[in-house]
Amino acid sequence: MPRPRNQVPDRFFLTTAIDYSNGDPHLGHALEKVGADCIARYRRLRGNDVHFLMGMDEHSQSVLQASANAGVTPQAWVDRLSTVFTDFWKRLGCSNDDWIRTTEPRHARAVTALLERIKERHPDHVFLAEYSGLYCTGCEEFKADAQIKDGHCIEHPTLELVPTKEPNHYFRLTAWRDPVLQKIENGEFLVEPAIRRNEVLSLLRSGLQDISISRVRLPWGIPFPDDPGQTVYVWFDALINYLAATGFPEAGYEKRWPADLHVVGKGITRFHCIIWPAMLLAAGLDLPRAVWAHGYVQWEGSKMSKTAGTAVSLESAIARHGPDALRYFLLREIGFENDGNFTWERLDVRYTDELANGYGNLASRVLAMIERYVGGIVPTGVADTPLDQEGNARVAAYGNAMDGNLIHEGAQEMWGLVSRANQFVEETAPWNLAKAKDTAGLDRALGALARALTRITLMIHPFIPGKAGEVWGGLGLPGTAADAKWGALENPPTGGGKVRKLTPLFPKPVS
RNA sequence: GGCAGGGUAGCUCAGGUGGUUAGAGCACGGCACUCAUAAUGCCGGGGUCGUGGGUUCGAGUCCCACCCCUGCUACCA
């Protein structure tokens, strides 16, 4: 399959879905942010000029209602949530370059400009029509089928739903079905993984309807151009954040647009893979190169969303073993493709087994042997040991996997090298070399182990940037792991650094 | 209902176009080692490959039926 995003190797504009501000962040939000951050960090390692965007979706009826329930103004409500979200993402080590909020002026400007641009190019693609639906007087909004049970609103089963019509502005989505379909089919616009691509394709093939893009009676939104009585429907509004963050419509936005990758949840592919590209085509703008739709975090096999999400708070999940451990768990156990289960037991197992006994212990034993047997200076030497050879193969396979956003497979390659490094320790038995005063043998073995640990550290850095950074320092390497480039992974620095022993990176809880 | 994906060791999963004793990691049992966070390495036990038929010299791998799970099925985001 062609990968057009690699046509521009230097620049990489990466986004996550903007989070909906109707409640506190949970593990599901965290998976997406951490996964995208892992990709962003990997891309920097690859040498791309990464621009990483995250943000908040702050309009809509639900936000208005949530703020009313809390007894505060909508603005105060979203201000607070924006802070809560950014604090969590900072604690989890997210390296986003920008944080956009749909209540910002730069966003409203872009929404208005995009609508104007569509109307200019295709005057009949934005038009007025009647929207009819079932209106709940309790919620003061139209209800979708999924929100209706036995002919009544789920929230207000005692009230009658009122069939209502209102004039809405519509977008002629149907006109763009074939162009969007074609761009997905020919690989110009990638929808990944394949299961999501198939879903989107079948949706497109089964036909589309024009969509309503405005709402009356909803003050909490962006005013619809030339129609002060209506606001822009929240989804039409929200998608444009990716473009707004490039500075659109101001000159210079083309330096960032199009996005190279939109990371989203599997539930919102039709907005990102059908409606959004249609909007862009109508406005004569380039499509993003790719959308990656990840799965969900589940709890005991069922959805962990707003309702069930209270089972595990993000706060407690971070507190268990620290932010790096949670990042690692989400990416390793849950993965970035299928759904996965969160359980405390699995979190503990991954932590103890892979981080403490695996990576942490390897770092600990390598640094200790360098300290004890060769005076704490990393030996220089020729990278021709079996461990170096294994490293070459693992690094190459890691790169292939990570290039395709298969971060789960990337992690597997990294673990393959950890395993081989531990074997290498047993094979060379440096403690015996030391007894035999075989300094050449010690240099050769410990030099190879230092190079392997350097490679492992760089490969694991996108997953656990904090702890990997500590090991980088422990190896006495120049600069930081975050600034290191691919060359350091292919040909790790050949020694000379002064090691520094570390306190255990992943202490085991005493129990 | 329709479309799509899946049901393989206790757990999480690998197993292109059918072919020697079905694999990995974790968990479990034994042995070895001591540099390391009682860590690591080696060996081993453990599976009627959802069910029932069929094609074939031979099927986890193809065909049919059935059971179960998951996702999508268009304006909650």
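By convention in this document, chain letters (A, B, ...) are assigned in the order of the sequence lines, proteins followed by strands, and residues within each chain are numbered from 1.
- We find that A/Lys467 and A/Glu354 are not joined by a salt bridge, their nearest charged nitrogen and carboxylate oxygen being 4.0 Å or further apart.
- Contacts classified as salt bridge (Lys or Arg N to Asp or Glu O under 4.0 Å) and involving residues 169-183 of chain A (residues at least two apart or in different chains) are given here: A/Arg172-A/Asp210, A/Lys183-A/Glu188.
- With A/Asn198 contributing its side chain and A/Ile195 its backbone, the two residues share no donor-acceptor pair below 3.5 Å.
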remark   = Each nucleotide of nucleotides 37-45 of chain B classed B (base within 4.0 Å of a protein heavy atom), S (only sugar-phosphate) or -, in 5' to 3' order, makes B-SBSS---
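- When the P atom of B/U34 is taken as reference, atom CG of A/Asn432 falls 7 Å away, rounded to whole Å.
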Side-chain atoms of residues 468-475 of chain A: list all donor-acceptor pairs with protein atoms under 3.5 Å, sequence neighbours left out, distances to 0.1 Å.
unit_1	atom_1	unit_2	atom_2	d
A/Trp472	NE1	A/Pro478	O	3.1
A/Trp472	NE1	A/Gly479	O	3.2

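- The CG-C1' distance, from A/Leu239 to B/C75, rounds to 12 Å in whole Å.
- The distance from atom CG of A/Asn338 to atom P of B/U12 is 13 Å, rounded to the nearest whole Å.
- Dashed line: the shortest gap from a side-chain N or O of A/Arg270 to OP1 or OP2 of B/A74 is not under 4.0 Å.
- With hydrogens and angles left out, the side-chain atoms of A/His272 and A/Tyr242 include a donor and acceptor closer than 3.5 Å.
- If you take CD of A/Glu199 and C1' of B/G6, they are 13 Å apart, rounded to a whole angstrom.
- Residue pairs meeting the side chain to side chain donor-acceptor pair (under 3.5 Å) criterion with at least one partner in residues 432-443 of chain A, sequence neighbours excluded, are absent.
- Contact annotation for A/Asp57: backbone-only contact, meaning every heavy-atom pair under 4.0 Å involves sugar-phosphate atoms and none involves a base.
- With A/Ser364 contributing its side chain and A/Gly360 its backbone, the two residues share no donor-acceptor pair below 3.5 Å.
- Counting any heavy atom pair closer than 4.0 Å across all strands shown, A/Gly340 reaches no nucleic acid atom.
- Computed from coordinates, the A/Gln412 CD to B/A14 P distance equals 9 Å when rounded to whole Å.
- Checked against B/C75, B/U73, B/C35, the side chain of A/Leu203 finds its nearest nucleotide in B/U73.
- Among the atoms of the strands shown, base atoms are found under 4.0 Å from some heavy atom of A/Gly267.
- In this structure, CG of A/Leu367 is placed 12 Å from P of B/A36, rounded to the nearest angstrom.
- Other residues, nucleotides and ligands contribute over 12 non-hydrogen atoms within 6.0 Å of the CD atom of A/Glu130.
- RNA chain B is contacted by no residue of residues 437-449 of chain A, taking any non-hydrogen atom closer than 4.0 Å.
- Taking the six-membered ring for Trp and thresholds of 30 and 60 degrees, A/Trp220 and A/His59 have ring planes more than 60 degrees apart, a perpendicular arrangement.
- Judged by distance alone, with hydrogens and angles left aside, the side-chain atoms of A/Thr86 form a donor-acceptor pair with the main-chain N or O of A/Ser82 at under 3.5 Å.
- Counting only distance, with no hydrogens or angles, the side chain of A/His107 and the backbone of A/Asp237 share a donor-acceptor pair below 3.5 Å.
- The shortest distance between the side-chain N/O atoms of A/Trp235 and the OP1/OP2 oxygens of B/A77 is below 4.0 Å.
- The stretch residues 29-36 of chain A has no heavy atom under 4.0 angstrom from RNA chain B at all.
- A/Asp210 comes within 4.0 angstrom of a base, heavy atoms only.
- Remark: P of B/U12 and CG of A/Asp339 are 14 Å apart, rounded to the nearest angstrom.
- For A/Tyr131, no side-chain nitrogen or oxygen approaches OP1 or OP2 of B/C75 to under 4.0 Å.
- Using a 4.0 Å cut-off between charged nitrogen and carboxylate oxygen, A/Glu337 and A/Arg196 do not count as a salt-bridge pair.
- A/Arg350 comes within 4.0 angstrom of nothing in the nucleic acid, heavy atoms only.
- Using P as the reference atom, B/A22 and B/A9 are 14 Å apart when rounded to the nearest Å.
- Within 4.0 Å (heavy atoms only), A/Ser212 reaches at least one base atom of the nucleic acid.
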